Number of protein chains: 2
Amino acid sequence: MPKDLADLHVERWRDHWIDISFDDEVEALTVRLLNLARHLREAKQTALVRTDLQDFEYDTLHALMIRDTPGHASPGALAQELGVSNAGITGRLDGLEKKGWVKRMPGADDRRRVDVEVTRAGATVWRKAMSLRGTAEDELASALTRRELVTLNRLLRKLTLHAEESGAPSA
Amino acid sequence: MPKDLADLHVERWRDHWIDISFDDEVEALTVRLLNLARHLREAKQTALVRTDLQDFEYDTLHALMIRDTPGHASPGALAQELGVSNAGITGRLDGLEKKGWVKRMPGADDRRRVDVEVTRAGATVWRKAMSLRGTAEDELASALTRRELVTLNRLLRKLTLHAEESGAPSA
DNA sequence: GACAAACAATTCACCAGCGAAATACTTTCG
DNA sequence: CGAAAGTATTTCGCTGGTGAATTGTTTGTC
């Protein structure tokens, strides 16, 4: 089995910093998780170049579409799900609205609220972008056999459940 | 085995978007990888609150310390390893230099270059921050048995190697 | 030896995001 | 009823990051 960057990282670590003892497996795990996440982000970004969407615009539309009430949400809920501040969402929605991909409607019953709604154009561009993103992910996953993929997911689920007990949500 | 957020994500997905067919396992995998990476970043950030370092300052110092030539680097090399632009590095180094954690020395032989060098204070604060970060990672990894951890790393390595063939480096 | 191309780092103008304050409503309670 | 407390969103000032020039320094090449 050839070495990846995380292996090299750990080896180099040991060479130079023998006085600081870390668990190699744990260190390698975090390096790999971080690197893979970065890879996914970059792959997505590359895929999105073919659309009219910027990275954060896709994320926002995506969060809006995959909710329990697809295509409808309050700014606050989106902010929480996307892990950005309320102020940040306002900015993103300004941009999306200007491009005609979402509309802001005043809340019917409670007029403090705002209902964000995708437009037809918004839904269309989202679908296109999503399928491009999908192929990038499939490409990565193709490195594993089906059995390996299932095993990997099982282990990651265990890790995720542990992490979720203390920290941060969102899908 | 209880469900994690990725399971819920996939279920909800299927309910609402039956016309768009994605591979459930692949979708869950990417959601989990992204969520775990986010968890690690947040855990690190939480840990760093106890130091004088901001997140990106720690990253920069870290990249500077774990190189083959610990404590010495050119701005350009750091930029590449950290995945930020050259302009971005200049800004980070300005901040670190002002706080006295790194020094910029004019390149001896080639005066286009600049040699960035950690100071004693910089190395000290880095070590402190690093040990805090380490405990956060250990905590996460403690969710798995040793055997599981090794298996997970094996599968992730396979994935990483596949990803590295096209895309982005850095440790 | 001089002038163009290549390079490394920095400066510049701009952008997305943040935290805190402001705004605009609604609810609660005296 | 009306004042105070609460909630949802937006505005404001600032910060870290980016890509496109800019500056200063090599390195050809003729």
Side-chain angles (χ1 to χ4, degrees), chain A residues 38 41-42 44-46 48-49 52-64 67 69 72-99 101-117 168 170, chain B residues 38 41-42 44-46 48-49 52-64 67 69 72-99 101-117 168 170:
Chain A
R38 167 140 59 140
R41 267 195 304 281
E42 285 175 1
K44 180 178 64 162
Q45 204 149 15
T46 305
L48 289 184
V49 167
D52 293 333
L53 287 170
Q54 281 178 274
D55 194 65
F56 67 89
E57 292 174 323
Y58 170 77
D59 285 344
T60 312
L61 277 180
H62 192 66
L64 186 54
R67 8 197 40 255
T69 57
H72 289 267
S74 70
L78 287 175
Q80 202 190 333
E81 281 156 35
L82 288 166
V84 305
S85 71
N86 281 3
I89 278 294
T90 297
R92 289 191 183 190
L93 292 178
D94 286 349
L96 289 173
E97 199 166 26
K98 195 174 297 178
K99 291 195 178 177
W101 289 326
V102 304
K103 273 185 305 196
R104 270 190 265 219
M105 311 285 276
D109 50 333
D110 183 341
R111 291 214 305 274
R112 284 171 306 185
R113 289 166 189 260
V114 168
D115 184 49
V116 181
E117 201 183 319
S170 170
Chain B
R38 169 143 56 140
R41 267 196 303 279
E42 284 175 2
K44 181 178 65 163
Q45 203 149 15
T46 306
L48 289 184
V49 167
D52 293 334
L53 287 170
Q54 282 177 272
D55 194 66
F56 67 89
E57 294 174 323
Y58 169 78
D59 285 343
T60 312
L61 277 180
H62 193 65
L64 186 55
R67 355 196 53 253
T69 57
H72 289 269
S74 71
L78 287 175
Q80 201 190 333
E81 281 156 34
L82 288 165
V84 303
S85 69
N86 279 4
I89 278 294
T90 298
R92 290 192 183 190
L93 292 177
D94 287 349
L96 289 173
E97 197 166 27
K98 195 174 296 179
K99 291 196 179 178
W101 289 326
V102 305
K103 272 185 307 196
R104 271 191 264 221
M105 312 284 277
D109 48 335
D110 183 341
R111 289 213 307 271
R112 282 173 306 186
R113 288 167 189 261
V114 168
D115 184 48
V116 181
E117 201 182 317
S170 170

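Predicted model only: the values in this text are computed from it and were never measured. Proteins get letters first, then strands, A, B, ... in listed order; numbering begins at 1 in each.
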**Prompt:** Within a strict 4.5 Å, meaning less than it, do heavy atoms of the A/T60 and A/W101 side chains meet?
**Reply:** no
**Complete:** A/E57 atom CD is separated from C/dG17 atom P, nearest whole Å, by 10 Å
**Message:** Without decimals, in angstroms, what is the distance between B/D110 CG and C/dA6 P?
**Reply:** 17 Å
**Nucleotide C/dG17, atom P - distance to CG of B/D55 in whole Å** = 17 Å
**Nearest-angstrom distance from the residue atom CZ of B/R113 to P of C/dT10** = 13 Å
**Asked** B/F56 has an atom CZ; how far is it from atom P of C/dA16, in whole Å?
**Response** 20 Å
**Prompt:** Just checking B/Q54: base, sugar-phosphate only, or nothing, at a heavy-atom cut-off of under 4.0 Å?
**Reply:** sugar-phosphate
**Request:** Kindly indicate whether the side chain of B/L82, heavy atoms from C-beta on, has any atom under 4.5 Å from the side chain of B/R92.
**Result:** yes
**Request:** Whole angstrom is fine here: how far is it from CG in A/L78 over to P in C/dA16?
**Result:** 18 Å
**Request:** Measure from the side-chain N and O atoms of B/E117 to the backbone N and O of B/M105, and report whether any donor-acceptor pair falls under 3.5 Å.
**Result:** no
**Request:** Report the distance from atom CE of B/M105 to atom P of C/dA9, rounded to the nearest whole Å.
**Result:** 15 Å
**Asked** How do B/V114 and A/I89 order along DNA chain C: which one's closest nucleotide is nearer the 5' end?
**Response** B/V114
**Asked** Tell me: CG of B/L82 to P of D/dG17, nearest whole Å?
**Response** 10 Å
**Item:** Flag side-chain contact, heavy atom, 4.5 Å: A/D94 against A/R104
**Value:** yes
**Complete:** Between A/N86 and A/R111, whichever has its closest DNA chain C nucleotide further toward 5' is A/N86
**Asked** Do the charged groups of B/R41 and B/D59 touch, with an N to O distance under 4.0 Å?
**Response** no
**Message:** On DNA chain D, compare the nucleotides closest to A/G91 and A/R112; which residue's is nearer the 5' end?
**Reply:** A/R112
**Message:** Tell me whether the side-chain N/O atoms of A/R92 come closer than 4.0 Å to OP1 or OP2 in C/dA16.
**Reply:** no
**Message:** Closest approach to the side chain of A/A87, judged atom by atom: which nucleotide of C/dG19, C/dA9, D/dG19 is it?
**Reply:** C/dG19
